[in-house]
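Just so you know, these numbers use all the heavy atoms, side chains as well, and skip hydrogens, waters and symmetry mates.
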Amino acid sequence: MLQALAFASALSLPVQVAQPQHARETIHPDATVYTMPADGKPARIPFRLAANQVRVEAVIDGAGPFHLILDTGMPTPGIILFQSERVAALRFAESGESVALRGAGGAGASFDARIATGVSVSLGDLKMSHVTAMVLPDQPRFPPGIDGIIGGALFYRFIVRLDVDQNLLELFEPAGWSPPDGACVVPLHRVAGAAFVDVRVAVGEGAPVPARVVLDLGASHAISLNQGEGGRCAPPPNAIDAPLGRGLSGVVLGKVGRVRRLEIGTFAFEKVVASFPIEEHQHPGDFPFRDGNLGAEILKRFRVSFDYPASRLVLEKGKGYGELFEREMAGIGFDWTKDRTVVVHTVLAGSPAAAAGFEVGDQILSLDGRSLEELAENGLRRALTVDGAEVRFALRRGDQVLEKRVRLRRLI
């Protein structure tokens with residue numbers, strides 16, 4: 001049987017039924033059994049923040065670790081996995097069912113994923129059994145080493161507290177949990193498997209206008225804005241055409257510019273780098289995304305608690321709250337490939353990279369003599385966001401190895 005599912009699609013909130021045992025367990029309507037620490041403490045899950053993605057290690061059917069992206073935009077219980085030799089070695093029992101998954105980007109193409117049931121998953125202190133796994137036939141151009149995605153399985157069931165300063169997730173039982181003293185509590189609006197939050201945005205010099213945006217921890221940007229009625233969130237005049245990132249269905253296109261002010265709860269940010277997707281990419285899966293989405297570049301600046309059961313977002317200022325908002329300054333878009341190489345897919349007209357002679361298809365070998373393996377995703381991003389720095393690229397173009405020197409500069 002083939003079912004259709006778009007990220008941020010319509011799904012009902014799970015029911016929770018307590019089971020009084022030595023370890024506390026709750027049966028999910030899809031048959032998932034959640035086992036928390038027996039001492040009543042929250043489950044603790046270490047994570048790594050890479051390229052503004054929260055990545056957790058999972059043991060699946062006793063094997064691993066597998067690396068999963070934590071994403072509020074994944075609206076279902078269970079997990080999504082990308083087919084690989086490691087995933088194939090798990091030898092899941094086939095259910096005979098499949099699901100069509102699609103997300104942001106490209107032409108909105110869907111991918112048929114086979115469904116396996118009865119899977120066990122361990123994340124730190126949390127044990128899950130009878131989990132549903134949806135296995136995609138290929139890895140959709142995410143960075144190497146990413147095995148899949150998890151989202152609704154945690155957010156619907158627990159209060160999920162994300163502490164970027166400690167690289168730690170904590171999962172709390174909803175009953176009896178209360179926000180920390182002094183925290184800012186922002187209402188969430190739950191709609192068909194998604195959670196919206198109200199913000200206020202001033203693109204130009206006018207007063208901030210209200211916008212209702214989807215929480216999207218899996219998006220690396222700060223905020224993505226749809227123009228809205230009357231163009232109230234239209235891109236600023238100096239915004240540039242650029243690829244905005246990659247979703248499950250392909251590259252997201254649009255403009256990038258700075259908004260003068262972004263307010264959420266009692267907090268405010270200035271000169272925020274914002275994305276403005278083209279109309280075709282504003283509502284992936286035909287889901288009503290309203291005014292856009294709020295991504296990890298904002299959320300990582302807080303210790304943030306996602307309390308879906310009580311429909312609230314709880315914000316505490318983190319160490320990175322005051323960091324400047326920056327974007328890649330060479331003027332290239334690139335993909336990490338399966339063999340851990342980086343290939344240029346876009347060269348912005350008039351950018352430093354264009355002036356240096358970069359071409360689409362160039363493979364980046366090193367930066368200032370440091371290999372990509374040494375730099376990794378975070379190091380590459382940091383190296384390309386230093387205004388005024390000169391960086392030395394080694395590129396492979398066909399059979400040639402070229403050196404290109406690029407003087408970085410802010411493009412927005």
Side-chain angles (χ1 to χ4, degrees), residues 8 52 73 104-105 184 186-189 194-245 247 251-284 287-302 304 313 315 317 320-329 331 333 346 348-351 385 387 409-412:
N52 276 0
C184 174
V186 181
L188 290 180
H189 306 274
F196 288 80
V197 64
D198 290 329
V199 299
R200 297 168 299 280
V201 181
V203 175
E205 293 304 315
V209 297
R212 182 163 289 183
V213 294
V214 173
L215 279 180
D216 194 353
L217 185 62
S220 62
H221 55 239
I223 191 167
S224 175
L225 292 169
N226 301 333
Q227 291 197 28
E229 187 176 350
R232 61 193 180 90
C233 289
N238 60 348
I240 60 173
D241 293 309
L244 305 181
V251 175
V252 181
L253 301 176
K255 292 180 177 289
V256 179
R258 291 185 184 268
V259 299
R260 181 178 63 81
R261 186 175 176 88
L262 171 64
E263 301 172 352
I264 177 170
T266 58
F267 300 102
F269 300 96
E270 307 287 340
K271 298 182 179 179
V272 178
V273 175
S275 300
F276 301 86
I278 61 174
E279 185 174 355
E280 295 89 331
H281 291 168
Q282 291 178 7
H283 302 284
F287 183 80
F289 269 82
R290 294 286 297 268
D291 299 317
N293 61 38
L294 190 74
E297 181 63 33
I298 289 291
L299 296 171
K300 75 174 186 178
R301 295 161 187 264
F302 299 97
V304 54
L313 185 71
L315 302 175
K317 189 180 293 187
Y321 178 82
E323 292 179 358
L324 296 177
F325 293 87
E326 299 290 10
R327 190 181 187 276
E328 185 275 332
M329 297 181 186
T346 306
L348 298 183
S351 68
T385 54
D387 188 36
R409 60 177 171 84
R410 289 190 179 92
L411 300 175
I412 53 173

Between Asn238 and Ile412, does a side-chain contact (heavy atoms from CB on, under 4.5 Å) hold up when you go through it step by step?
CA-CA 7 Å; Asn238 60 348; Ile412 53 173; 5.8 Å; no

Carefully, step by step, assess Asn226 and Asp291 under the rule side-chain contact (heavy atoms from CB on, under 4.5 Å).
CA-CA 5 Å; Asn226 301 333; Asp291 299 317; 5.5 Å; no

For side-chain contact (heavy atoms from CB on, under 4.5 Å), just list the numbers for Val259 and Leu225, CA-CA rounded to whole Å, side-chain angles, deciding distance to a tenth of an Å, and then say yes or no.
CA-CA 10 Å; Val259 299; Leu225 292 169; 4.1 Å; yes

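Note: Leu215 CG to Asn293 CG = 9.5 Å, rounded to the nearest 0.5 Å.
For Thr346, the side chain to side chain contact (heavy atoms under 4.5 Å, CB included) test picks out Pro243, Leu348, with sequence neighbours left out. Among residues two or more places apart in sequence or in another chain, the salt bridge (Lys or Arg N to Asp or Glu O under 4.0 Å) test is passed with Arg200 by Glu263. With sequence neighbours excluded, the residues forming a salt bridge (Lys or Arg N to Asp or Glu O under 4.0 Å) with Glu297 are Lys300, Arg301, Arg381, listed by chain and number. Residues satisfying the side-chain hydrogen bond (donor to acceptor under 3.5 Å, both in side chains) criterion with Asp241, sequence neighbours excluded, are Lys255. With sequence neighbours excluded, the residues that form a side chain to side chain contact (heavy atoms under 4.5 Å, CB included) with Arg410 are Arg258, Leu324, Glu326, Met329, Asp387.
With no hydrogens or angles considered, no side-chain donor-acceptor pair links Asn52 and His221 at under 3.5 Å. For the residue pair Asp198 and His189, a side-chain donor N or O sits within less than 3.5 Å of a side-chain acceptor on the partner.
When all heavy atoms of Val203 and Ala234 are compared, the pair lying nearest together is CG1-O, 3.5 Å. Nearest heavy-atom pair, Ala222 versus Ile298, reported as atom, atom and distance to 0.1 Å: O-CG1, 3.6 Å. Of all non-hydrogen atoms in Arg260 and Pro208, the two that sit nearest each other are NH2-CD, 4.4 Å. Of all heavy-atom pairs spanning Ala242 and Val256, the tightest one is CB-CG2, 4.1 Å. Across Gly257 and Pro236, no two heavy atoms sit closer than the pair CA-CG, 4.1 Å.
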Show me the donor-acceptor pairs within less than 3.5 Å that the side chains of residues 269-278 make with the rest of the protein, sequence neighbours left out.
residue	atom	partner	partner atom	Å
Glu270	OE2	Arg261	NH1	2.4

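Using a 4.5 Å heavy-atom threshold, the side chains of Phe267 and Val199 count as separate.
Between the Asp216 side chain and the Gly295 main chain, no donor and acceptor come within less than 3.5 Å of each other.
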